[in-house]
Amino acid sequence: MTEPNTADSRDIDTKYMMEVGKILHAAAAATAEGWTDIGLLVNQSPNGTEVATYAVVVWNGKHYDKWMPEEALADLARILGAWQNDLTQAGFRNWTSMFVGAKSPGGFAWLPCYSPDYGQWRIQADAPNWPTIEQGLQYVS
């Protein structure tokens, strides 16, 4: 499957990537001071604004998936829905899933997928998602 040319959506993407990064960093600083890695999987409906997220923070060498405050999760859902809306309103093909990762003190990865089945960043309801986060963290530089 050929991926769409997303170069024209760069301004929209950059705006929202920065917002997602700020939310993740602030949540990690508030709940896991001294964190080393953050990984986020996002799946969103191609025909709506619903999003599902799975977020992990690595702190003291262990990963935690129940760490993000409800307010931060609500902020993420709002930002991701707005991102999807802006892309589609501007006529761009929207991603269906993505990995967003960060390492402390620096490093960031944003890896969208356009597959209708959510591809490699699909959130699994019946299997651990940590291996997928680990895979994505390899791309953080």
Side-chain angles (χ1 to χ4, degrees), residues 1-90 92-141:
M1 175 180 206
T2 303
E3 292 199 6
N5 177 0
T6 58
D8 294 334
S9 67
R10 191 176 351 201
D11 289 342
I12 295 171
D13 294 339
T14 300
K15 171 185 169 185
Y16 288 103
M17 279 189 288
M18 297 298 290
E19 290 298 316
V20 168
K22 286 178 190 176
I23 292 167
L24 291 174
H25 278 88
T31 59
E33 186 176 343
W35 63 273
T36 56
D37 302 301
I38 300 171
L40 172 69
L41 299 176
V42 181
N43 292 180
Q44 60 181 346
S45 169
N47 301 320
T49 57
E50 298 85 26
V51 297
T53 60
Y54 176 79
V56 172
V57 67
V58 178
W59 179 69
N60 288 338
K62 296 181 182 175
H63 65 271
Y64 299 89
D65 62 2
K66 304 249 188 275
W67 65 278
M68 197 170 240
E70 289 298 319
E71 287 176 10
L73 289 170
D75 287 344
L76 269 178
R78 180 182 51 79
I79 292 297
L80 293 166
W83 188 353
Q84 182 179 33
N85 184 64
D86 282 2
L87 283 172
T88 56
Q89 291 298 314
F92 296 112
R93 184 172 174 210
N94 189 30
W95 49 271
T96 56
S97 67
M98 97 164 55
F99 170 82
V100 178
K103 290 186 182 267
S104 181
F108 187 78
W110 166 72
L111 304 168
C113 177
Y114 297 86
S115 175
D117 69 356
Y118 302 102
Q120 70 187 42
W121 307 127
R122 180 182 186 88
I123 297 172
Q124 302 294 326
D126 57 352
N129 288 291
W130 172 243
T132 305
I133 295 284
E134 278 186 308
Q135 179 186 4
L137 286 170
Q138 293 176 14
Y139 294 99
V140 179
S141 58

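The first residue in the sequence is number 1, and the count goes up from there.
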Looking at [atom1] of [X] and [atom2] of [Y], how far apart are the two atoms once the value is rounded to the nearest 0.5 Å?
{"X": "Gln84", "Y": "Thr96", "atom1": "CD", "atom2": "OG1", "value": "10.0 Å"}
{"X": "Met98", "Y": "Tyr118", "atom1": "CE", "atom2": "OH", "value": "13.0 Å"}
{"X": "Trp110", "Y": "Thr14", "atom1": "CH2", "atom2": "OG1", "value": "7.5 Å"}
{"X": "Asn94", "Y": "Leu87", "atom1": "CG", "atom2": "CG", "value": "5.0 Å"}
{"X": "Leu76", "Y": "Glu19", "atom1": "CG", "atom2": "CD", "value": "10.5 Å"}

Donor-acceptor pairs under 3.5 Å, side chain of residues 20-30 to any protein atom, not counting sequence neighbours: which ones?
unit_1, atom_1, unit_2, atom_2, d
His25, ND1, Gly21, O, 2.9

_Under the salt bridge (Lys or Arg N to Asp or Glu O under 4.0 Å) test, residues paired with Asp86 that sit two or more places apart_ =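 For Asp86 there are no salt bridge (Lys or Arg N to Asp or Glu O under 4.0 Å) partners, ignoring immediate neighbours.
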*Partners meeting salt bridge (Lys or Arg N to Asp or Glu O under 4.0 Å) with Lys15 (sequence neighbours left out)*: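 With sequence neighbours excluded, Lys15 shows a salt bridge (Lys or Arg N to Asp or Glu O under 4.0 Å) to no residue whatsoever.
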*For residues Gly107 and Val140, report the shortest heavy-atom separation together with the two atoms involved.*
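Here Gly107 and Val140 meet closest at C-CG1, 3.5 Å.
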Side-chain donor-acceptor pairs of residues 35-42 under 3.5 Å, sequence neighbours excluded:
unit_1, atom_1, unit_2, atom_2, d
Thr36, OG1, Val58, O, 3.3
Asp37, OD1, Lys103, NZ, 3.2

*Check: Gln44 side chain, Trp95 main-chain N or O, donor-acceptor pair, under 3.5 Å*: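 The answer is yes, because a donor-acceptor pair under 3.5 Å joins these two groups.
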*Ignoring hydrogens and geometry, is there a side-chain-to-backbone donor-acceptor pair from Trp59 to Glu33 under 3.5 Å?*
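Side chain of Trp59 to backbone of Glu33, a donor-acceptor pair under 3.5 Å: yes, one is there.
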*With Phe108, which residues qualify under ring pair (Phe, Tyr, Trp, His ring centres under 6.0 Å), at least two apart?*
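If we apply the ring pair (Phe, Tyr, Trp, His ring centres under 6.0 Å) test to Phe108, skipping adjacent residues, there are no hits.
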*For Ala90, all residues meeting side chain to side chain contact (heavy atoms under 4.5 Å, CB included), sequence neighbours excluded*: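 Per chain and number, Ala90 pairs via side chain to side chain contact (heavy atoms under 4.5 Å, CB included) with Ile12, Phe92.
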Side-chain atoms of residues 120-132: list all donor-acceptor pairs with protein atoms under 3.5 Å, sequence neighbours left out, distances to 0.1 Å.
unit_1, atom_1, unit_2, atom_2, d
Trp121, NE1, Leu111, O, 3.1
Arg122, NH1, Asp117, O, 3.1
Asn129, OD1, Gln124, N, 2.8
Asn129, ND2, Gln124, O, 3.0
Trp130, NE1, Glu134, OE1, 3.4
Trp130, NE1, Glu134, OE2, 3.3

*Is Ile133 close to Phe99 at the side-chain level, that is, under 4.5 Å between some pair of heavy atoms?*
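Sidechains of Ile133 and Phe99: in contact.
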Show the atom names and distances, to 0.1 Å, of all donor-acceptor pairs under 3.5 Å that link a side chain in residues 60-71 to residues at least two apart or in another chain.
unit_1, atom_1, unit_2, atom_2, d
Asp65, OD2, Tyr54, OH, 3.1
Trp67, NE1, Ala55, O, 3.2

